[in-house]
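This report refers to the structure that appears directly beneath it.
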Amino acid sequence: MRFIDSTSFCFHALSAHRSRTSLMLLAMSIGVASVVVLTSLGEGARLYVVSQFASLGSDMLIVVPGRAETTGAMPPLLGEIPRDLTLDDSLALYRERSIEYVAPLLAGTAPVSNKQLERELTVIGSTPEYFKVRKLTMLQGKFLPPGDPKRARQVCVLGEKAKNELFGSGRAIGKWVRINDRRFRVIGVLKSAGAALGAGLNDAVVIPVAAAQALFNSNSMFRVLVQAKNRQSIARAQSAMIKILRERHDGEDDVTVIQQDAMLATFDRIFSALTFTVAGIAAISLGVAGVLIMNVMLIAISQRTHEIGLLKAIGAHRRQIIQLFLLEAAMLAIFGAIIGLLIAYLMSSIIAQMMPSFPVTIPTWSPIVAVVTAIATGLVFGIMPARNAAALNPVIALGKR
Amino acid sequence: MIELRDINRVFDVGDEQVHALQDINLDIADGEYISIMGPSGSGKSTLLNMLGLLDQPTSGSYRLNDTNVTELSDREQANVRLHNIGFVFQFFHLVPRLSAANNIELPLILAGIEPRQRQVRVTRLLEQLSISDRGQHRPDQLSGGQRQRVAIARATVMQPELILADEPTGNLDRASGEDVVEVLEELNRAGMTLLVVTHDPELGRRAKRRIRMVDGCITEDIRSEPAQADSTAEPLTSEQVQAEQMRFDNLLNEEALEQLQEYQEQVPYNLRNDRS
Ligand SMILES: Nc1ncnc2c1ncn2[C@@H]1O[C@H](COP(=O)(O)OP(=O)(O)OP(=O)(O)O)[C@@H](O)[C@H]1O
Ligand SMILES: [Mg+2]
């Protein structure tokens with residue numbers, strides 16, 4: 001039997017039983033569409049996180065006070081308090097030539113007010129380098145001015161939302177705000193675009209690090225952000241930093257240096273795993289579609305016993321019958337998959353329009369996997385009915401009424 | 001062409017065993033025209049299905065064209081059905097969704113013959129059976145006689161040497177039954193071996209060889225001598241003619257009786273069938 005003839009025979013059979021066929025197509029297409037749409041959402045989430053990290057800069061290192069207990073063997077000895085990470089520590093890092101910028105961070109929350117308007121905001125003490133390390137952009141005015149980091153100038157830079165809350169649409173540059181009991185002059189407003197994951201500066205106030213030390217009465221840095229000269233020098237910068245800080249802390253390794261890249265990779269893995277999990281869940285619906293195909297095919301065969309008996313009587317052998325019914329199942333799966341893909345692309349473009357900031361992307365592998373799975377399920381679940389059909393006794397099949 | 005030796009077919013029905021065929025021995029030569037008659041349940045269909053390789057004998061040997069076909073694989077048997085045997089059924093068994101032409105085409109498709117040649121053969125057959133104008137009609141748009149013609153066309157499109165017809169006129173009125181039989185006889189004249197199972201004695205009598213079955217056994221196997229054979233025989237005396245005449249009359253009476261019996265047997269059987 002020629003392949004084209006088998007195909008058109010099956011096509012005829014499928015189009016002759018419209019409701020049955022469309023039911024199976026529906027099940028298949030829902031399965032395929034859900035795999036593709038869900039993976040595109042997962043992939044979108046992953047890309048979103050990656051892009052957020054990219055805006056942070058991938059040649060960045062973060063120094064955190066305290067040792068990361070990765071070995072988990074011994075808890076810190078009683079009474080041993082990690083040494084503070086001071087401003088001097090961070091400035092000492094400039095000794096290493098592979099380091100481009102160092103931005104110490106001292107953070108806390110404090111009431112910020114403009115006349116009667118008061119808000120509890122995140123207050124970040126840092127240096128002008130913070131602007132470069134975090135790749136920030138200004139909406140209005142300027143960032144912290146260069147100069148001796150130990151001088152506590154009473155100036156501040158507002159996040160966009162903070163500015164709106166305190167000043168509304170009015171002008172903020174040159175005005176004074178009160179943080180705790182100190183007065184700071186607003187010299188700039190940050191643009192909200194670069195709002196990085198978990199560290200949004202939208203509702204924060206940035207002041208010189210020395211001013212923050214006075215404000216919070218603390219010398220301990222919350223973080224030190226370090227930017228290496230380039231990606232190649234990250235590893236060198238990291239070991240140099242650890243060495244410098246160890247020297248300054250009497251030989252104690254009491255800081256942790258996190259690589260931006262490593263964090264990114266972790267998130268990437270988490271979200272990939274998430275995507276695959278979701279795809280797996282969606283694949284279950286494909287399996288359900290397969291079971292439906294099997295059931296409906298079994299019914300179809302009992303309704304078509306005459307035809308099968310006849311085909312055998314006029315000379316079809318068992319293999320041909322099996323092939324015909326498997327082909328029918330495969331065609332259902334393929335058509336279902338195509339419809340499912342159309343639905344998926346339509347839905348993801350709708351989602352993309354509704355959430356423009358969320359990058360809904362269909363990963364290349366997902367439609368392929370979905371279609372292959374659909375066809376495989378169709379075939380696997382088609383085997384049993386096809387074999388049943390081929391095993392029919394032609395005399396009995398023809399005799400049935 | 002066909003050689004059946006000690007064929008038995010036993011069906012297991014619950015605890016009972018039904019001997020549908022018992023020690024059947026039968027030889028059929030190329031080009032014969034045979035009718036098989038007998039009461040309902042006597043095993044006619046079973047015999048035909050076995051000859052057509054739709055059924056396997058429980059024991060015995062079946063040689064078709066000098067091959068023992070019972071030993072063939074499923075694929076080889078299917079090939080024999082495809083190329084050497086044509087089946088005509090009482091209930092036509094056309095595929096309802098396919099047009100007449102497509103139904104006739106089915107065996108050609110199974111054989112993997114290319115479309116152009118298929119077209120030629122189908123068209124020729126439709127013409128031969130004078131249903132050219134019905135080629136694109138679906139079975140439900142055809143009369144019973146036309147349907148059976150389509151079925152015959154399908155059975156013969158592969159030019160088999162053996163045609164097996166199981167009550168081909170059983171579902172037709174007299175006139176279209178007559179028509180269908182003529183078509184079959186025409187095929188026989190063209191060289192195909194023809195076996196017809198029938199309940200219609202008039203139809204059965206048209207065959208040159210008549211087989212009678214009762215309870216799974218062949219009880220009669222009569223060949224009418226061809227007409228020209230009589231002319232070469234010695235002329236009969238008047239007594240002989242008379243005796244012959246009487247025998248013929250008795251035969252007729254016997255046949256009439258049998259008909260009646262058969263009819264009685266048939267009616268409850270069919271009613272039973274219809275109810276199930
Ligand atoms: N599949 C089967 N299972 C059990 N018994 C069967 C089967 N097929 C036929 N028989 C039995 O075998 C016997 C012969 O049946 P068959 O159909 O050959 O008769 P038939 O001569 O064709 O009768 P009819 O003239 O009514 O068509 C019957 O007793 C029947 O009940
Ligand atoms: Mg019968």
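As the structure is a prediction and not an experimental result, all values here were calculated from the model. Quick note: numbers below take in every heavy atom, side chains included, and nothing from hydrogens, waters or symmetry partners. Residue numbers begin at 1 in each chain, while the letters A, B, ... track the order of the sequences.
The neighbour count for A:M1 CE, taken as heavy atoms of other residues, nucleotides or ligands under 6.0 Å away, is above 12. Other residues, nucleotides and ligands contribute at most 12 non-hydrogen atoms within 6.0 Å of the CZ atom of A:F11. Residue A:R387 qualifies as open at atom CZ: its count of foreign heavy atoms under 6.0 Å is 12 or below. Within a 6.0 Å sphere centred on CZ of A:R318, heavy atoms belonging to other residues, nucleotides or ligands number 12 at most. Within 6.0 Å of CG on B:D215 lie no more than 12 heavy atoms contributed by other residues, nucleotides or ligands.
The only member of B:L82, B:I85, B:L106, B:N103 that meets side chain to side chain contact (heavy atoms under 4.5 Å, CB included) when paired with A:I314 is B:L106.
Contact annotation for residues 46-60 of chain B against chain A (heavy-atom separation below 4.5 Å, listed by residue number): B:N49, B:L54, B:D55. Within residues 108-116 of chain B, the residues having any heavy atom under 4.5 Å from a heavy atom of chain A are, by residue number, B:I109, B:L110, B:G112, B:I113, B:E114, B:P115.
At least one side-chain heavy atom of A:E307 sits under 4.5 Å from a side-chain heavy atom of B:R97. A:H306 has its side chain within reach of B:H93: a pair of non-hydrogen atoms, C-beta onward, lies under 4.5 Å apart. Side-chain contact between B:F91 and A:L398: absent, with no pair of heavy atoms (C-beta onward) separated by less than 4.5 Å.
For residues 270-305 of chain A, the set of pairs meeting the ring pair (Phe, Tyr, Trp, His ring centres under 6.0 Å) definition, not counting sequence neighbours, comprises A:F276-A:W365.
Contact of A:L310 with chain B is made through the side chain alone, with heavy-atom distances under 4.5 Å.
Without hydrogens or angle criteria, B:R81 side chain to A:K312 main chain gives a donor-acceptor distance under 3.5 Å.
Taken from OG in B:S99 to NE2 in A:H12, the straight-line distance is 7.5 Å, to the nearest 0.5 Å.
Between B:R118 and A:D5 there is a salt bridge, with a side-chain nitrogen of the basic residue lying less than 4.0 Å from a carboxylate oxygen of the acidic one.
In this view, A:F381 satisfies the ring-ring contact (aromatic ring centres under 6.0 Å, His included) rule with no residue, not counting sequence neighbours.
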